[in-house]
Amino acid sequence: MADPADTNPNTGDNRPALALHVPEPRSRPGDPVNFADVEISEPGAQPRPDESAKPEDMKDLAYSLIRVLGDDNKAHGPWDPKLDPETLRTMLGHMAMVRAFDERMFRGQRQGKTSFYMKCTGEEATSVAASMALASDDMVFPSYRQQGILIARGYPLIEMINQIYSNKGDKLKGRQLPIMYSSREHSFFSISGNLATQTPQAVGWAMASAIKGDSRIAATWVGEGSTAEGDFHSACTFATVYNAPVILNIINNQWAISSFSGFAGAERTTFAARALGYGLAGLRVDGNDALACFAAQQWAANRARANQGPTLIEYFTYRAEGHSTSDDPSGYRSAQEREEWPLGDPVMRLKNHLIAIGEWDEDRQQAMDLKCAEEVKATTKEAEKNGILGHGMHQPFNTMFEDVFEELPWHLKEQAAQATHEREVKWPEGRPKS
């Protein structure tokens, strides 16, 4: 007979009381940083399966960490993509440009020149190196921290800055939030602030490419927090059912805007392991190792082109800065985390690798950084001639009625005429059209 003292006061019987688990991060502001639970595989230790391997035969790669660059700054193991020095220098140059661009645009936001910006400091390899492994016309469906893809594909910096400033040179006519770029010419799908919508879109595009017998594949990027969205799981289902030629890249940078990755499931398993339940190939990669990022994306791209199926890749990295200019990370995480992150900085690691193989030096790195900073500064001044936030040099008023219908319907024509009349009444002496 149960002891009356064991009676559950909430139910009146002896069934044990249930308890809700709320995930807690490793440390809070003021706490010492402890990354002891982060398991880091030895560089070169992970096998590289054939690109036609069955997902169930490569499960271990969803739990370990694919790494190429070692502490000696040399490349190790079967995942070494064996890139030539010129390609490595190009990759480093793109990453340096992304960092210089981020610094200038962050400063511009603080000066009131734009309303919003998002840096990708510490995550450059997950966009630059990964996108360089794709064909230039493969369709990419990014999230909001993949400016490196556009830079690697040669998109003009001035077009990016015009969009950030929403000025009269903005090709998107001020209709998107800053940093939500779009470029059909660079196979770069429009960024959406609605998280994870790009994942089923990428799968659908890849399915259409397969239906047409095209040769182009699709790749999409999503943050680890966004994998909790239903859209992501729908994308995984369609990708595996229809064998879509698509790559699903998860950027696990440890933090959403103010909550850590545990709220998306990181306490229970890896994000790459989510692939296994869907029958997808799953890879987990050191996201601060540019060579590993390139190699994993190249493997997945080759697999997709050979009609062997989609791949889900988790890039294990760290968001070194705030979520955005609207965020203060000191309110929810330890200030020492950035320095204590065990996988280092992707730009420094690639630079040190080039130096170690005798193809680079500190003087050339300093010159590269200065050149990038000067180019961004000069381009920013040129873009500012088209206007900045709140200075009136924006898209003409009538453009708000354009670009939705091929031929403007009657009711919008009436609205446009009414709006124009109201402006003329309000500003009888005329208001600048720009």
Side-chain angles (χ1 to χ4, degrees), residues 2-41 59-65 122-123 143 145 194-197 199 222-237 248-280 282-287 312-320 322-324 326-338 340-343:
D3 187 333
D6 294 334
T7 302
N8 186 327
N10 297 313
T11 62
D13 56 33
N14 62 354
R15 289 178 295 176
L18 300 176
L20 181 69
H21 171 70
V22 179
E24 278 290 328
R26 298 180 184 91
S27 59
R28 291 289 188 181
D31 293 340
V33 179
N34 183 9
F35 285 113
D37 61 328
V38 176
E39 297 184 10
I40 300 176
S41 307
K59 291 181 180 179
D60 288 349
L61 293 179
Y63 295 100
S64 55
L65 205 59
E123 303 174 42
S143 185
R145 224 183 294 275
N194 298 313
L195 303 183
T197 57
T199 52
V222 66
E224 92 284 341
S226 297
T227 64
E229 296 282 347
D231 282 352
F232 172 79
H233 297 279
S234 296
C236 289
T237 300
L248 303 168
N249 296 300
I250 300 173
I251 309 302
N252 178 7
N253 64 14
Q254 314 306 311
W255 290 95
I257 188 167
S258 58
S259 60
F260 84 116
S261 57
F263 283 100
E267 285 186 338
R268 305 301 184 183
T269 189
T270 69
F271 290 96
R274 294 189 173 180
L276 304 178
Y278 291 100
L280 293 163
L283 303 176
R284 189 164 178 261
V285 180
D286 178 349
L312 185 153
I313 303 175
E314 175 190 350
Y315 291 105
F316 194 69
T317 182
Y318 184 77
R319 170 166 63 74
H323 178 79
S324 69
S326 302
D327 178 38
D328 178 10
S330 68
Y332 55 81
R333 72 183 189 191
S334 173
Q336 286 74 44
E337 273 198 10
R338 177 175 180 172
E340 297 290 337
W341 176 244
L343 295 177

Of the non-hydrogen atoms in Asp37 and Asn34, which two are nearest, and what is the gap between them?
-> OD1-O, 4.1 Å
CD1/Ile40 to CG/Asp286 distance, rounded to the nearest 0.5 angstrom?
-> 7.5 Å
Can you tell me how far CD of Glu267 sits from CD of Glu24, rounded to the nearest 0.5 angstrom?
-> 8.5 Å
Distance-minimising heavy-atom pair for Ala272 and Glu314 | N-OE1, 2.9 Å
Is there a side-chain contact between Val33 and Glu337 (heavy atoms, below 4.5 Å)?
-> yes
Within the distance-only criterion (no hydrogens, no angle test), does the side chain of His323 pair as donor or acceptor with the backbone N or O of Asp328 below 3.5 angstrom?
-> no
Among side-chain atoms of Glu123 and Tyr315, is any donor-acceptor pair under 3.5 angstrom?
-> no
Relative to each other, are the rings of Tyr318 and Phe35 parallel, tilted or perpendicular (30° and 60° limits)?
-> perpendicular
CG of Asn249 to OG of Ser143: how many Å apart, nearest 0.5 Å?
-> 11.5 Å
Residue that, paired with Val222, satisfies side-chain contact (heavy atoms from CB on, under 4.5 Å) out of Ile250, Asp231, Ile251 | Ile250
Note, Leu312 side chain near Tyr278 side chain (heavy atom, < 4.5 Å) | no
What distance separates Arg274 CZ from Arg268 CZ, expressed to the nearest 0.5 Å?
-> 12.0 Å
Between Ala264 and Gly225, what is the shortest heavy-atom contact and its length?
-> CB-CA, 3.9 Å
Quick one: are Arg284 and Phe271 in side-chain contact, heavy atoms under 4.5 Å?
-> no
Below 4.5 Å, heavy atoms only, C-beta onward: do Ser226 and Phe232 meet side chain to side chain?
-> no
Kindly compute the distance separating CG (Leu276) from OG1 (Thr270), expressed to the nearest 0.5 Å.
-> 7.5 Å
Are the side chains of Leu343 and Val38 in touch, meaning some heavy atoms are under 4.5 Å apart?
-> no
Distance-minimising heavy-atom pair for Thr199 and Ala196 | OG1-O, 2.6 Å
Side-chain touch Arg333/Gln254, heavy atoms, less than 4.5 angstrom | no
Just how far is it from atom CD of Glu224 to atom CH2 of Trp255, taken to the nearest 0.5 Å?
-> 10.5 Å
Looking at Asp31 and Ser334, what are the two nearest heavy atoms and their distance?
-> O-OG, 3.3 Å
Least distance between heavy atoms, Gly122 atom then Thr317 atom | O-OG1, 3.0 Å
Check whether any side-chain N or O of Tyr332 sits under 3.5 Å from a backbone N or O of Ile257 as a donor-acceptor pair, and report yes or no.
-> yes
